[in-house]
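Comments concern the structure below.
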Amino acid sequence: NINLIKTLDQEVYNKLIYRFHWQMGYNEKDIINNIFPDLDISTREEESHFNNKLFNCSLIISTTNFTTMLQTLILNIPTMLLWNPEDFQIRKMNKKYYDALYDAGILYYIPELCAEKINLIYKNPMEWWESNDIQAARNYFCNNMCRTTDNISSKLAQEINDMRKN
């Protein structure tokens with residue numbers, strides 16, 4: 001994350017809000033704050049729900065394979081993902097869905113490359129996000145990894161019945 005922030009253009013950096021997951025006792029906030037004293041930092045301890053920040057951002061950069069990235073992808077909010085693949089192992093059966101995000105330029109494993117893309121698109125991330133390739137990868141991922149439905153009880157019953165057959 002430090003290399004990502006260091007590689008961002010100053011104009012992008014000035015608009016960045018760095019949102020921590022939970023503080024895990026490793027002084028993460030202090031470390032980031034010492035390196036980037038003027039960075040706008042948000043924590044779950046200070047503001048448990050990030051909805052206000054989420055809906056006022058033009059681009060989400062998620063550095064974990066946790067719920068946030070699933071929520072932003074489902075909501076179709078411009079999202080870039082960055083993480084070390086050693087830290088977030090993907091099951092073989094799901095790798096193709098993450099590969100689609102990687103191939104489209106949504107998922108990155110190298111902070112500097114992610115920052116370069118952010119620097120290119122930050123003035124109008126929606127234009128990038130609404131492109132056919134990005135939306136195709138997002139839809140492919142969401143349809144297989146975080147599907148939504150208006151009829152959850154019927155869909156759940158169908159899934160359970162399908163599992164019983166196998």
Side-chain angles (χ1 to χ4, degrees), residues 1-9 12-13 15-22 42 44 48-166:
N1 297 351
I2 292 170
N3 288 340
L4 171 81
I5 297 169
K6 283 182 177 179
T7 310
L8 293 174
D9 290 345
V12 178
Y13 173 88
K15 295 180 178 186
L16 182 65
I17 300 170
Y18 192 98
R19 171 82 174 178
F20 282 96
H21 195 358
W22 293 107
S42 169
R44 288 184 77 149
S48 62
H49 297 285
F50 69 108
N51 294 344
N52 289 336
K53 292 197 183 313
L54 176 70
F55 291 113
N56 288 311
C57 289
S58 59
L59 176 66
I60 302 297
I61 306 159
S62 184
T63 59
T64 59
N65 188 13
F66 295 162
T67 309
T68 298
M69 62 81 91
L70 298 173
Q71 292 169 326
T72 60
L73 290 173
I74 288 169
L75 292 170
N76 206 12
I77 296 172
T79 302
M80 295 186 81
L81 309 172
L82 168 66
W83 60 67
N84 181 337
E86 298 298 316
D87 295 336
F88 298 99
Q89 301 272 324
I90 306 299
R91 291 182 183 159
K92 286 181 184 179
M93 63 187 271
N94 297 330
K95 188 174 179 325
K96 60 187 170 189
Y97 309 121
Y98 286 88
D99 286 347
L101 297 178
Y102 177 82
D103 292 343
I106 297 171
L107 172 60
Y108 289 83
Y109 301 120
I110 300 170
E112 294 82 2
L113 294 178
C114 185
E116 287 174 16
K117 185 64 174 187
I118 294 165
N119 290 333
L120 285 174
I121 67 166
Y122 85 93
K123 287 187 179 178
N124 189 357
M126 193 57 81
E127 180 181 348
W128 162 77
W129 188 249
E130 291 178 341
S131 70
N132 291 337
D133 291 344
I134 296 296
Q135 284 299 302
R138 184 195 75 82
N139 288 331
Y140 180 63
F141 182 89
C142 288
N143 288 337
N144 291 282
M145 297 297 296
C146 52
R147 207 171 329 149
T148 62
T149 181
D150 293 330
N151 192 357
I152 188 71
S153 58
S154 175
K155 290 289 184 182
L156 183 58
Q158 179 183 350
E159 290 291 329
I160 291 170
N161 286 330
D162 289 346
M163 289 170 48
R164 285 182 180 164
K165 292 175 188 175
N166 295 328

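Given the structure is predicted, the values throughout are model-derived calculations rather than measurements.
In this structure, Met126 and Ser58 have side chains that are not in contact, with every pair of non-hydrogen atoms separated by 4.5 Å or more. Residues Ile90 and Pro85 form no side-chain contact, since every pair of their non-hydrogen atoms from C-beta on lies 4.5 Å or further apart. Proximity of Leu73 to Met145: side-chain heavy atoms (C-beta onward) are nowhere separated by under 4.5 Å. Two residues are said to be in side-chain contact when any heavy atoms from C-beta on lie closer than 4.5 Å; Asn144 and Tyr140 meet this criterion. Using a 4.5 Å cut-off on side-chain heavy atoms (C-beta onward), Gln135 and Asn76 make contact. Trp128 places a side-chain heavy atom less than 4.5 Å from the side chain of Ile106.
Looking at Tyr122 and Asp9, their side chains never bring a donor and an acceptor atom within 3.5 Å of each other.
The distance from atom CG of Asn1 to atom SG of Cys114, rounded to the nearest 0.5 Å, is 9.5 Å. How far OH of Tyr108 is from CG of Leu101: 11.5 Å, rounded to the nearest 0.5 Å. Here the CD-OG distance, from Glu159 to Ser154, works out to 10.5 Å after rounding to the nearest 0.5 Å. A distance of 10.0 Å separates OH of Tyr18 from CD1 of Ile61, quoted to the nearest 0.5 Å. Separation of atoms CG (Leu59) and CD1 (Ile118) is listed at 6.0 Å; rounding is to 0.5 Å. Considering CD1 of Ile60 and CD1 of Ile17, their distance stands at 8.5 Å, rounded to 0.5 Å.
Residues meeting the side chain to side chain contact (heavy atoms under 4.5 Å, CB included) test with Leu120, sequence neighbours left out: none.
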(request) Go through Phe141 and Leu70 one step at a time and tell me if the side chain to side chain contact (heavy atoms under 4.5 Å, CB included) criterion holds. (result) CA-CA 10 Å; Phe141 182 89; Leu70 298 173; 3.8 Å; yes

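Legend: side-chain hydrogen bond (donor to acceptor under 3.5 Å, both in side chains) pairs involving residues 81-96, not counting sequence neighbours, sorted by first then second residue: Lys95-Asp99. Screening residues 115-142 for salt bridge (charged side-chain N to carboxylate O under 4.0 Å, His left out) gives no qualifying pairs among residues at least two apart or on separate chains.
In plain terms, the two heavy atoms of Ala104 and Ile134 that are nearest each other are O-CD1, 3.2 Å. Between Ser62 and Met69, the shortest heavy-atom contact is OG-CB, 3.7 Å. Across every non-hydrogen atom of Phe88 and Thr64, the tightest pair is CZ-CA, 3.7 Å.
A donor-acceptor pair under 3.5 Å is formed between the side chain of Asn119 and the backbone N or O of Thr7. The closest donor-acceptor contact from the side chain of Glu112 to the backbone of Leu4 lies at 3.5 Å or more, if one exists at all.
Residue Asn132 places its CG atom among 12 or fewer non-hydrogen atoms of other residues, nucleotides or ligands, all under 6.0 Å distant. Atom OH of Tyr13 has more than 12 neighbouring heavy atoms from other residues, nucleotides or ligands inside a 6.0 Å radius.
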